[in-house]
Amino acid sequence: MNRSNLLSNISNLYSRAQHIAEFYLNIKKLTRLNIFILILCSTYFGFLLSGYPFSYKTLSVLFAVFFHFLGNSIINQFQERKTDANLERTKNRPLVTGYFDPYKSLAIGIFFIFLSLLIALIIKNQNILYLLLLNFIIYHLIYTPLKTKTSFAILIGSICGALPPLIGWFIENNYLNYKIIFVATTFYLWQVPHFLFLTEKYENSYKNSNYKVLINNLNKKNYSLITNLWLATYFYSLVFTFYHLEKDLNKLLLFVLIEITIFYKIFKSNNATLKFILINFSIILLILFYLFL
């Protein structure tokens with residue numbers, strides 16, 4: 001092989017690698033796999049609270065959640081592809097740029113949703129089926145249309161954030177108890193500051209979009225008041241929930257001390273990115289403490 005052929009082959013390989021990398025990045029944006037990790041952990045967390053051993057049902061439901069989340073992400077990006085074009089955070093999503101065909105992507109998204117519901121039917125778990133349907137209805141038919149109508153749509157959308165641990169719980173159970181209710185409530189409360197800090201990070205960009213967000217619809221004083229009150233409620237819920245999950249005083253004190261440090265930094269910081277990271281870590285910490293301590 002002469003030098004020119006070698007260089008040509010290297011160039012072709014490099015070009016293919018670029019295409020593969022670009023395809024992977026667009027798949028990642030379309031499916032939001034980084035968020036799915038937390039969804040999966042939340043579902044498994046709810047299952048562990050039930051006290052049952054891992055079984056084929058558990059694995060089946062985790063796959064159902066995986067397919068449901070993929071379908072939700074794709075369908076949501078199809079719904080918002082026009083408004084996403086005006087937002088810095090979302091303007092490079094593959095359905096906005098045209099990297100993937102919107103209607104073919106929609107068909108794939110619907111297929112994934114159907115697959116998740118089919119799994120729930122196959123394992124004959126009506127509770128899982130109803131929760132998946134509820135998530136779909138709230139997310140796509142209520143929350144997504146409301147995002148351009150009112151900045152308080154997040155109060156409805158956050159219900160979807162409370163469903164994964166409930167789905168995990170109902171893999172083997174047919175009833176609710178106080179533990180899973182406290183956990184689901186805490187996950188609901190976490191969703192609001194999670195979204196608020198995201199909108200803070202892209203505050204100026206949201207001003208040029210059709211989305212209604214609190215930070216742009218309230219004065220600074222009222223926004224801070226609502227955010228701080230919500231954060232205080234969420235903090236209390238975290239501590240209250242962990243106490244009822246694990247009543248070991250030493251573990252509780254350690255958990256509270258770490259959470260106090262996190263929330264202190266949130267209240268003192270003006271860095272929206274840092275606050276976003278910390279608020280997410282606060283809910284991850286609840287899972288980690290229960291699993292490993």
Side-chain angles (χ1 to χ4, degrees), residues 35-73 75 109-143 155-192 233-234 236-248 251 283-293:
I35 301 176
F36 167 72
I37 294 172
L38 182 57
I39 301 293
L40 187 66
C41 289
S42 304
T43 305
Y44 189 64
F45 181 42
F47 165 72
L48 289 178
L49 292 175
S50 69
Y52 284 86
F54 194 92
S55 67
Y56 80 93
K57 286 185 179 180
T58 313
L59 185 61
S60 298
V61 171
L62 291 177
F63 270 110
V65 170
F66 173 68
F67 291 130
H68 196 80
F69 178 81
L70 292 183
N72 274 340
S73 181
I75 294 171
I110 293 172
F111 171 75
F112 281 138
I113 294 294
F114 172 78
L115 196 57
S116 71
L117 300 178
L118 181 62
I119 291 173
L121 286 171
I122 289 174
I123 64 173
K124 299 178 181 180
N125 193 318
Q126 290 186 337
N127 291 320
I128 302 296
L129 177 66
Y130 294 152
L131 286 172
L132 292 175
L133 285 171
L134 178 64
N135 182 79
F136 182 87
I137 291 169
I138 292 174
Y139 194 61
H140 298 292
L141 304 183
I142 302 175
Y143 171 58
L155 297 178
I156 295 175
S158 292
I159 295 172
C160 296
L163 294 181
L166 284 172
I167 290 172
W169 173 265
F170 278 115
I171 292 174
E172 297 287 356
N173 288 313
N174 290 310
Y175 65 92
L176 289 171
N177 77 356
Y178 69 93
K179 288 185 178 181
I180 192 62
I181 292 173
F182 292 159
V183 168
T185 301
T186 301
F187 271 78
Y188 173 82
L189 292 170
W190 160 73
Q191 279 282 312
V192 174
T233 305
Y234 168 55
Y236 175 79
S237 182
L238 272 172
V239 174
F240 185 78
T241 298
F242 186 75
Y243 171 76
H244 284 88
L245 295 181
E246 177 57 73
K247 295 186 178 181
D248 184 286
K251 292 181 183 179
I283 197 72
I284 293 171
L285 196 66
L286 176 67
I287 300 174
L288 292 177
F289 259 69
Y290 184 79
L291 291 179
F292 302 112
L293 289 183

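For Leu121, the side chain to side chain contact (heavy atoms under 4.5 Å, CB included) test picks out Leu129, with sequence neighbours left out. Every residue two or more places apart in sequence or in another chain that forms a side chain to side chain donor-acceptor pair (under 3.5 Å) with Asn127 is listed here: Asn174. Considering only residues two or more places apart in sequence or on other chains, Ile159 meets the side chain to side chain contact (heavy atoms under 4.5 Å, CB included) condition with Ile138, Tyr188. With sequence neighbours excluded, the residues forming a side chain to side chain contact (heavy atoms under 4.5 Å, CB included) with Pro164 are Ile39, Ser42, Thr43, listed by chain and number.
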Does Leu245 form a side-chain contact (heavy atoms from CB on, under 4.5 Å) with Lys179? I'd like the steps, not just the answer.
CA-CA 7 Å; Leu245 295 181; Lys179 288 185 178 181; 4.0 Å; yes

Take Phe242 and Lys251 through the test side-chain contact (heavy atoms from CB on, under 4.5 Å) and record every step on the way to the result.
CA-CA 9 Å; Phe242 186 75; Lys251 292 181 183 179; 4.3 Å; yes

Go through Trp190 and Leu286 one step at a time and tell me if the side-chain contact (heavy atoms from CB on, under 4.5 Å) criterion holds.
CA-CA 11 Å; Trp190 160 73; Leu286 176 67; over 6 Å; no

Report the C-alpha separation of Ser50 and Phe47 in whole Å, then their side-chain angles, then the decisive distance to 0.1 Å, and conclude whether the side-chain contact (heavy atoms from CB on, under 4.5 Å) test is met.
CA-CA 5 Å; Ser50 69; Phe47 165 72; 3.9 Å; yes

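Phe111 contributes atom CZ, which lies 11.0 Å from atom CG of Leu70 (distance to the nearest 0.5 angstrom). Within the model, atoms CG of Leu49 and OH of Tyr44 stand 11.5 Å from one another, a figure rounded to the nearest 0.5 Å. Going from atom CG of Asp248 over to atom CZ of Phe289 covers 10.5 Å, rounded to the nearest 0.5 Å. In this structure, CG in Leu238 is found 8.5 Å from CG in Leu285, a value given to the nearest 0.5 Å. The CD1 atom of Ile171 sits 9.5 Å away from atom CG of Leu59, with the distance rounded to the nearest 0.5 Å. Rounding to the nearest 0.5 Å places CG of Leu40 at 14.0 Å from CD1 of Ile35.
Side-chain atoms of Phe182 and Phe187, non-hydrogen and from C-beta on, never get closer than 4.5 Å to each other. Side-chain contact between Ile75 and Tyr139 is absent, with no heavy-atom pair separated by less than 4.5 Å. At a threshold of 4.5 Å between non-hydrogen side-chain atoms, the residues Leu117 and Phe136 do not count as touching.
Of the possible polar contacts, one joining the Thr185 side chain to the Ile181 backbone as a donor-acceptor pair under 3.5 Å is found. Of the possible polar contacts, none joining the Ser73 side chain to the Phe69 backbone as a donor-acceptor pair under 3.5 Å is found.
Counting non-hydrogen atoms of other residues, nucleotides and ligands closer than 6.0 Å to OH of Tyr236 gives a total of 12 or fewer.
Contact between Pro165 and Val183 at its shortest, heavy atoms only, is CB-CG1, 3.9 Å. The minimum heavy-atom distance linking Ile128 with Ala120 is given by the pair CG2-CB, 4.2 Å.
Legend: side chain to side chain donor-acceptor pair (under 3.5 Å) pairs involving residues 163-173, not counting sequence neighbours, sorted by first then second residue: Ser55-Glu172.
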Solution key, residues 60-68 side-chain donor-acceptor pairs under 3.5 Å, sequence neighbours excluded:
| unit_1 | atom_1 | unit_2 | atom_2 | d |
| --- | --- | --- | --- | --- |
| Ser60 | OG | Tyr56 | O | 2.7 |
| His68 | ND1 | Ser116 | OG | 3.0 |
| His68 | NE2 | Asn72 | ND2 | 3.4 |
| His68 | NE2 | Leu132 | O | 3.2 |
| His68 | NE2 | Asn135 | ND2 | 3.3 |

